[in-house]
**Q** 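One structure, as structure tokens, below. Some questions next.
All values below come from the heavy atoms of this structure, side chains included, with hydrogens, waters and symmetry mates left out. Along the sequence shown, the residues carry numbers beginning at 1.
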Amino acid sequence: MTDDRRETGAVELEEMGPVDYLVIEFPAGYPTGENLPLLLDLVDRGLIRIFDLVLVKREYDGSMTLLALADADGDGEWDYSVFEGVSTGLIGQDDVDEAGQALEPGHSAVLLVYENRWAAPLAVALRRSGAQMVAGGRIPVQALLASLDATESGATAATAG
């Protein structure tokens, strides 16, 4: 007996770029959706492919609430409704609960799982040569800026001394 799932999806999976996730926290209240055109632009230009997008809120008692993607903030704007139905099931309740631990009470967040389509040609070439990604990570911009500031401060102190 053959593994039909592997045979039918193998070509597509072999041609995929790296898959990442983000948890984007918004201040108390709900996201307004004003930044959504930038996310949609990344999709439209083929740079990323969204697998899952979930909107959640950490309540003041610590519990997590899944929010509807339509008009999240009640202002009559389309907000996240453009992403309704975008779900592969990769984000489960455990993921929501884990993300919630990083959120401040009363804050909401978008959990996003996406493929880096821009990196697919490199990823395919690496896989074909037998290479594999064994680790990954993300450096928050705030940490990068702090590191650069510390390096500049150290260089300034060294030249002044």
**Q** Where the side chain of H107 meets the backbone of F26, is there a donor-acceptor pair that is under 3.5 Å apart?
**A** yes

**Q** Would you give the length of the straight line joining atom CG of D95 to atom CE of M64, rounded to the nearest 0.5 angstrom?
**A** 11.0 Å

**Q** Quick one, L39 and I50 - any side-chain contact, counting heavy atoms below 4.5 Å?
**A**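 Side-chain contact under 4.5 Å: yes.
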
**Q** Looking at E59 and G106, would you say the former's side chain and the latter's main chain have a donor-acceptor pair under 3.5 Å?
**A**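 No, E59 side chain to G106 backbone: no donor-acceptor pair under 3.5 Å.
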
**Q** Counting C-beta onward and ignoring hydrogens, is there a side-chain heavy-atom pair between L90 and Y21 closer than 4.5 Å?
**A** no

**Q** Quick one: does V54's side chain get under 4.5 Å of L66's, heavy atoms only?
**A**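 Yes - at least one pair of side-chain heavy atoms lies under 4.5 Å apart.
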
**Q** Is the number of heavy atoms from other residues, nucleotides or ligands under 6.0 Å of E98 CD greater than 12?
**A**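 Check fails, neighbour count at 12 or below.
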
**Q** Mark yes when over 12 heavy atoms from residues, nucleotides or ligands other than F51 sit less than 6.0 Å from its CZ; otherwise mark no.
**A** yes

**Q** Roughly how far, to the nearest 0.5 Å, is CG of L42 from CD1 of I48?
**A** 5.0 Å

**Q** Using atom types as modelled, flag every donor-acceptor pair under 3.5 Å from a side chain in residues 140-149 to any protein atom, sequence neighbours excluded.
**A**
none

**Q** Among side-chain atoms of D97 and Q101, is any donor-acceptor pair under 3.5 angstrom?
**A**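 No.
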
**Q** Nearest 0.5 Å, please: how far is OG1 in T65 from NZ in K57?
**A**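 With rounding to 0.5 Å, NZ (K57) is 7.5 Å from OG1 (T65).
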
**Q** For the pair R58 (side chain) and L103 (backbone), establish whether a donor and an acceptor sit closer than 3.5 Å, ignoring hydrogens and angles.
**A**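 Between the backbone of L103 and the side chain of R58 there is a qualifying donor-acceptor contact (under 3.5 Å).
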
**Q** Would a 4.5 Å heavy-atom cut-off, applied to side chains only, mark R117 and L47 as touching?
**A** no

**Q** Does D52 use its side chain to pair, donor to acceptor, with the backbone of T88 at less than 3.5 Å?
**A**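 Confirmed, D52 side chain pairs with T88 backbone.
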
**Q** Among all residues two or more places apart in sequence or in another chain, which pass the salt bridge (Lys or Arg N to Asp or Glu O under 4.0 Å) test with R49?
**A** E12, E115

**Q** Report whether L122 and V19 are members of the same hydrophobic cluster (ILVMFWY, side-chain heavy atoms less than 4.5 Å apart, transitive linking).
**A** no

**Q** Just how far is it from atom CG of L111 to atom CG of L55, taken to the nearest 0.5 Å?
**A**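 Answer rounded to 0.5 Å: 9.0 Å.
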
**Q** Would you say E25 and V110 make side-chain contact, with heavy atoms under 4.5 Å?
**A** no

**Q** Between V124 and L126, is there shared hydrophobic-cluster membership here, with clusters defined by ILVMFWY side-chain heavy atoms closer than 4.5 Å?
**A** no

**Q** Would a distance-only check, ignoring hydrogens and angles, find a side-chain to backbone donor-acceptor pair under 3.5 Å from N116 to G17?
**A**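 Checking the backbone N and O of G17 against the side chain of N116, no donor-acceptor pair under 3.5 Å is found.
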
